[in-house]
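Written below as structure tokens is the structure these notes are about.
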Amino acid sequence: MVPSPEDEDLRHLGRELKLTKKDRTRISNRIKGLLANYGLTLKNRRNMRAQIEGLRMWNRSKLPDLLRGRLLRYADDFEAHSLRIKELEQERRALLRNPEAPGSMAKSA
């Protein structure tokens with residue numbers, strides 16, 4: 001059965017959320033891989049920028065400038081994706097709470 005245009009439209013929110021999470025994981029894995037080449041890790045995924053700025057190599061020297069710049073750009077991308085995920089999840093919750101709203105996921109009886 002072919003979904004109605006409204007039902008198909010509602011599916012886009014879930015698809016975007018799933019894709020954004022996948023992209024954020026890809027960015028996180030890229031950061032981990034680049035750091036692994038130097039035997040380094042981040043403690044967690046919070047405040048990545050500050051962690052990257054504070055990283056030191058085995059001889060206590062800072063990360064090479066180009067690598068540090070690349071990691072910081074990826075950290076910014078990770079943060080942007082995290083913000084988008086939060087916004088999409090809020091939008092989804094709002095649609096589920098208000099069954100009368102246009103484009104709501106809950107069907108009225």
Side-chain angles (χ1 to χ4, degrees):
M1 187 164 106
V2 176
S4 70
E6 295 80 15
D7 288 341
E8 182 62 28
D9 190 42
L10 290 174
R11 293 178 182 177
H12 286 284
L13 181 61
R15 290 174 184 154
E16 183 179 1
L17 180 58
K18 184 177 179 179
L19 182 61
T20 303
K21 286 180 178 182
K22 185 176 180 179
D23 287 343
R24 183 180 67 173
T25 299
R26 181 181 44 81
I27 293 166
S28 176
N29 289 341
R30 190 173 296 147
I31 291 170
K32 288 177 188 177
L34 288 170
L35 290 174
N37 288 333
Y38 290 85
L40 301 171
T41 61
L42 297 178
K43 293 178 184 176
N44 55 49
R45 298 189 309 182
R46 290 189 206 133
N47 202 6
M48 284 181 154
R49 271 189 149 276
Q51 288 184 67
I52 290 167
E53 290 286 0
L55 285 175
R56 297 291 182 261
M57 296 195 309
W58 64 271
N59 61 0
R60 299 186 196 266
S61 64
K62 290 184 176 183
L63 294 175
D65 290 339
L66 295 176
L67 173 64
R68 187 173 71 52
R70 185 175 180 191
L71 288 167
L72 290 173
R73 286 188 296 275
Y74 286 148
D76 290 343
D77 291 344
F78 182 89
E79 183 62 33
H81 279 73
S82 295
L83 180 59
R84 180 175 296 146
I85 289 167
K86 183 177 179 180
E87 291 168 351
L88 291 169
E89 287 175 340
Q90 287 174 347
E91 184 177 346
R92 182 173 61 178
R93 280 192 300 273
L95 288 171
L96 288 170
R97 275 193 303 263
N98 188 359
E100 302 303 319
S104 173
M105 292 180 184
K107 298 289 182 186
S108 50

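It should be emphasised that the depicted structure is a prediction, and the values quoted were computed from it without experimental measurement.
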For R84, all residues meeting salt bridge (Lys or Arg N to Asp or Glu O under 4.0 Å), sequence neighbours excluded
none

Looking at every heavy atom in both Q51 and N44, which two are closest together, and how far apart are they?
NE2-O, 3.0 Å

Side chains of S82 and R45 in contact at under 4.5 Å (non-hydrogen atoms):
no

Got a salt bridge between R68 and E53, using NZ or NE/NH1/NH2 to carboxylate O under 4.0 Å?
yes

Could you measure the distance from the OG atom of S28 to the CG atom of D77? Nearest 0.5 Å is fine.
12.5 Å

How about L66: does its CG atom have over 12 heavy atoms from other parts shown lying under 6.0 Å from it?
no

Search all heavy atoms of A75 against all heavy atoms of I52 and return the closest pair with its distance.
CB-CD1, 3.9 Å

Shortest non-hydrogen contact between L35 and L55, atoms and distance:
CD2-CD1, 3.5 Å

Given side-chain contact (heavy atoms from CB on, under 4.5 Å), test T20 with R24 step by step and report yes or no.
CA-CA 6 Å; T20 303; R24 183 180 67 173; 5.7 Å; no

Residue pair R15 / K18, side-chain heavy-atom distance below 4.5 Å:
no

More than 12 non-hydrogen atoms from neighbouring residues, nucleotides or ligands closer than 6.0 Å to CZ on R46, yes or no?
no

For K21, does its backbone N or O pair with a side-chain atom of T25 as donor and acceptor, under 3.5 Å?
yes

Count I, L, V, M, F, W, Y as connected when their side-chain heavy atoms are under 4.5 Å apart, and connections chain through other members. Are L67 and M57 then in the same cluster?
yes

Report the C-alpha separation of L63 and L40 in whole Å, then their side-chain angles, then the decisive distance to 0.1 Å, and conclude whether the side-chain contact (heavy atoms from CB on, under 4.5 Å) test is met.
CA-CA 10 Å; L63 294 175; L40 301 171; 3.5 Å; yes

Any side-chain heavy-atom pair of P3 and R11 under 4.5 Å
yes

Salt-bridged, K86 to E89, with N to O below 4.0 Å?
no

What distance separates D76 CG from H81 NE2, expressed to the nearest 0.5 Å?
12.0 Å

Quick check: does any side chain N or O of E16 sit under 3.5 Å from a backbone N or O of L88, one acting as donor and the other as acceptor?
no

Same cluster (ILVMFWY, side-chain, under 4.5 Å), I85 and M48
no

Please report the closest heavy-atom contact between I27 and Y74, naming both atoms and the distance.
CG2-O, 3.4 Å

Measure the CG-OH distance between L71 and Y38 for me, rounded to the nearest 0.5 Å.
9.0 Å

Test side-chain contact (heavy atoms from CB on, under 4.5 Å) applied to L17 and L13, step by step:
CA-CA 6 Å; L17 180 58; L13 181 61; 5.8 Å; no

Take K32 and T41 through the test side-chain contact (heavy atoms from CB on, under 4.5 Å) and record every step on the way to the result.
CA-CA 7 Å; K32 288 177 188 177; T41 61; over 6 Å; no

Could you walk me through whether R26 and D23 pass the salt bridge (Lys or Arg N to Asp or Glu O under 4.0 Å) test, one step at a time?
CA-CA 5 Å; R26 181 181 44 81; D23 287 343; 3.6 Å; yes

